[in-house]
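Before any comments, here is the structure.
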Amino acid sequence: MQAVEKAIKEKARALLADGTVDRVLGWEKGEYCYDNTPAVFTEEDIDRLVYNSFCGANLSKYLIAESKKEGRVLALLKPCDTYSFNQLIKEHRIDREKVYVLGVPCHGIADVEKLNVKGIKGIESIAEDGGRLTVQTMYGEKECELNDVLLERCLSCKGPEYMAADDTVEDPAPVELRKHDRFGMVEKLMQMTPDERFEFWRSELSKCIRCNACRNVCPACSCLKCVFDNDASGVSSKANVDTFEENMFHIIRAFHVAGRCTDCGECSRVCPQGIPLHLLNRKFIKDINENYGEYQAGADDSSPWPLVSYTQDDVEPGKMEGGKN
Amino acid sequence: MQKIAMDRISEFYSAMAAERALYLPLKKRGAVNFGRWQEGADVDIDALHTVKSPKDLFFPQSEDIVAFKMKGKEIEIDAPDTPDEPFAVFGVRACDARAMEVLDRVFLSEPVDTYYRARRENGVVITLACTAPEETCFCSVFGIDPAQPGGDVSTWLSGGFLYLKAVTEKGEAFLAGLTPLEEANDAEIEPAVRALEETMERLPLKDLDLTGIDGNATEKLFGSEQWAELSRACLGCGTCTYICPTCQCYDIRDFDTGKEIRRYRCWDSCMYSDFTRMAHGNPRKSQVERFRQRFMHKLVYFPANNDGMYSCVGCGRCVAKCPISMNIVKVAKALGAEARK
Amino acid sequence: MQIEKQETGEFKPLIVAFCCNWCSYAGADLAGTSRLNYPANVKIIRVPCSCRVNPLFILRAFQRGADGVIINGCHPGDCHYSTGNYYARRRMALLFSMLEYLGIEKGRTRVEWVSAAEGQRFAQVMNEFVETIYHLGENKRLEDLRCKR
Amino acid sequence: MSMRQDTLIPKIGVITDIRKDTPDVKTFRAVAPEGGVVFQHMPGQCAMLSIPGVGEAMFSITSSPTNTEYMEFSIKKCGCLTDWLHQMDVGQQITIRGPYGNAFPVETELKGKDLLFIAGGIGLAPLRSVINYVRHYRENYGKIDIVYGSRSKDDLVDFDEIRNEWANTEGVNVYLTIDREQEGWDGHVGFVPNYVKELGFSTDKTALVCGPPIMIKFVLGALSELGFDKKQVYTTMELRMKCGVGKCGRCNIGSKYVCKDGPVFRCDELEELPDEY
């Protein structure tokens, strides 16, 4: 990825120099080797830009705000981020003219939580060599495969193609596409009894602290004022005062993004309690695919999404399979 | 000092739980949080931090404070009983124990918050010395010694035993009632304490310099141009606030149950856009002001009002959990130079 | 608003029925004027169109004490606004599937198409639905304890 | 059984009188169910009023502590709760908790001084408590000047009391102004800050200012032009509040909480706080 980072910086410098863009939206190196923060760079500080296997943040949502500003911004988007970008273009949330998209190749994003689960804690540095991570920790050197510690979303990677890009950075050493079963866990849940499913979701959703990270990071959650923040809606709340509210928040949030969710997995990535929120979104995606035809939100920037279209012989409510009975 | 073998630890939990409700770090679906112990619970005392701090037990995320019955033009006020269940919380780290002192400053200062005080009086805090601090830890910056975790009873893990020592009278009384403990010598925890001290020396953030960032720094830091850059990626979520052991801002809201109006208070976050919104406008209009408020409060305003005590204990939760990896360490480093100018 | 529970021993399911103004509400009206029996604990909420029913309405009905929620609209193709019920159909199909996925009992929510002329059918649907909910029992999985006493 | 005590648990107030002062300001009179004031206060202090289920908000107590029969609140209609309050009738109960915040230093710094009150619009509400207090203990204070202005003559709060009682009190001068010419108004026309400059008060007075933020800003400028020191000027602030006791964390300006350390600030103290509002 070092070669890629170098190439990104070169392209960015050139585009800044010739005036195509006046700033760059990318990731800034953090305190450690893994805590990169989204940041906007100019010619002076572009050196602080970093690109490695820890640049998880999907930058497309920032473009809603960035494209409202003066000038043109260079946005670094990984292949899967471009789906979110397209969806936002479709929803008229981003001014396309004000964004120059530079597609950056991705070999999968590592999840620090997964490193911790493997007992790799007290991380001091991480060296990446091909698909192998060598981690120096306070408690000795540890090794692991990048593939074993990938973010959930990378396990069902959408592939290396960019859905939108004005230019791309070439991948010097493309990796093989990981083909995990995207709906495997959804199916597993559907095979459980209703009681088991209820128990599963109750124990997951009861962890929710209602921090709104899932909502605020979600590119599909771009409402100016969320219904859960609107005192006039009757459902506004800042805490899950009752288990009902835990359920309601997540059901409604998943429903509001149904058909528009690109399955970018940011919700699960940011959840401090590790709730597998993508399993809610993927259920909707699976239902949509099976009942209304295969649909990938953000694969294009104009087609109407499934919940704003219909056919005369759509499946009747109650006939769609939510799970075994 | 007393001890109990780790292979008999569940006897110890049973004994504590027989005395009073016992809360300790439990693992549920991969996340460790304080929960009520019962036979067979998945206790995880090796986890360095729970996701939510133990403040939840003293200042719950939501609690009813009063209820009203509306009868025509009349209002009937009904206050809930003061919480009176005696409980013990085990596995509190030194940083979280200090955080309670921070919360005490807020809730036990006049006028005393009776809801918090009741829980504080009902609770026995049993701390646990750290064994494996992580790179996100910086408690020593605030003068916290994780080898002397404080609380009512302090405990240490060493050589297959859990060692216990009462710190307060309350703790002494609590330990006196527990039968399965054996007598032990103070020297027995020495190796563990030394090992911890050595690890502490390796922490990357141990030298975080807060010089200049104190109660007097308002003038220098409030107008800093760096706030805009630092806050740019902030999502405005409440993760840092809700997992923070010292954040204590709250909201008071009403819920109509159909039979009565329940007024409850719940955690709130200064990162939220509606935190300061009034009918005629919002004084903190953008995320820049809200972000600044959080860090100024922790590092400047709180020390100004509390004899220099920071409202940060270096637990590192926000360092590990911020969705965009922006945290108090980065802020302090960025502003440090400006503060020392 | 709180839906009043009857304080008798036997379980009498509380039903919230969202009825579209143009077909189903008229159907309910016809059922009434024709003196057809359907249980009194079906609470009708008139909505301009079945697609006006926001998933939040359904969840809030459960929160406030409903044991079952039914949405009634014009038959597909007969929507007063041409297409409203087609959208409602997709939304509700997905929502119901999601509720089931979360372990909420199948059948606690339903959509039925009832025209203005189908008073008989309206009463029949309501009777059937109440019967179904009676067998499912009280709503426990989407209840809000604050609203219970 | 005695009920649990906590500052967050309110008391009942019964509305016994509602006076419409201006098109959007009403003054509500409240008493405890057993009669008398709900609690004692000092001029400048505030109370949290609430209609359960609608909202709770901080309002300044406009009646003087010398009035032990009832409390008064002048409230402008501008949000959810205030809309509700404006619609209610006499006999309605509300909840009240307080008193919160500090008060104007009527028994210390202000004692024996000549006082200059400057208010704009609903900003008269907190000052009315002080004015009636110093009128009651007239012998303890020097000359009193009151400059009060509003958008129009219909927007002057407590006009009857000002005209019939304040203006007729020995040693009290009242100067009224409205923003624009209006039929039936033969008094002064112009903005409050300019009027203050025109009147050219001597700097041996202590000024108490309250009004919309923009007015306060310009009045402070005007006073400073007239040679007033910041230590001679007091003002009172308002921000979003929930708890009223400096714990819920939202009404701070720098390290000061408006609900606890304020709402009354001397302008030199205010100057030291960061410019957040």
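Letters A, B, ... are given to chains in the order of the sequence lines, protein chains preceding strands, and every chain is numbered from 1.
Of the residues considered (Leu280(A), Leu205(A), Val315(A)), Leu280(A) shows the highest number of contacts with chain C, using heavy-atom pairs under 4.5 Å. The greatest number of non-hydrogen atom pairs below 4.5 Å with chain A, out of Leu56(C), Val111(C), Asn54(C), is found for Leu56(C). Counting heavy-atom pairs under 4.5 Å between each of Met92(C), Glu105(C), Arg60(C) and chain A puts Arg60(C) at the top. Taking chain A as the reference chain and counting heavy-atom pairs below 4.5 Å, the highest number among Phe62(C), Tyr101(C), Tyr86(C) is found for Tyr101(C).
For Trp113(C) and His75(C), the gap between ring centers reaches or exceeds 6.0 Å.
Contact annotation for Asn291(A): neither backbone nor side-chain heavy atoms come within less than 4.5 Å of a heavy atom of chain C. Using a 4.5 Å cut-off between heavy atoms, Phe96(C) touches chain A through its side chain atoms alone. Contacts of Phe255(A) with chain C are made by side-chain atoms alone, with heavy-atom separations under 4.5 Å and no backbone atom involved. Contacts of Glu245(A) with chain C are made by side-chain atoms alone, with heavy-atom separations under 4.5 Å and no backbone atom involved. Both the backbone and the side chain of Ser309(A) come within less than 4.5 Å of a heavy atom of chain C. The parts of Val186(A) that come within reach of chain C are both its backbone and its side chain, each placing non-hydrogen atoms under 4.5 angstrom from that chain. For Asn247(A), the part lying under 4.5 angstrom from a heavy atom of chain C is the side chain only. Of the atoms belonging to Ile71(C), not a single heavy atom falls under 4.5 Å from chain A. Contacts of Arg110(C) with chain A are absent, with no heavy-atom separation under 4.5 Å from either backbone or side chain. Within the 4.5 angstrom heavy-atom criterion, only side-chain atoms of Ile251(A), from C-beta onward, approach chain C. Interface remark: Asp195(A) contributes backbone and side-chain atoms alike to the contact with chain C (heavy atom separation under 4.5 Å).
Looking at Arg269(A), its side chain never comes within 3.5 Å of a backbone N or O of Leu151(A) through a donor-acceptor pair. Judged purely by atom type and a 3.5 angstrom limit, Glu266(A) uses its side chain to pair as donor or acceptor with the backbone of Asn58(A).
Looking only at side-chain heavy atoms (C-beta outward), Ile252(A) and Leu59(C) come within less than 4.5 Å of each other. At a threshold of 4.5 Å between non-hydrogen side-chain atoms, the residues Pro48(C) and Tyr81(C) count as touching.
Salt bridge status for Lys90(A) with Asp301(A): absent, with no side-chain N to carboxylate O gap under 4.0 Å. A salt bridge does not link Asp29(C) with Arg46(C): every distance from a Lys NZ or Arg NE/NH1/NH2 to an Asp or Glu carboxylate oxygen is 4.0 Å or more. Salt bridge Arg202(A)/Glu246(A): present, at least one basic N to carboxylate O contact under 4.0 Å.
Counting heavy-atom neighbours within 6.0 Å of Lys225(A) NZ, excluding the residue itself, gives a total above 12.
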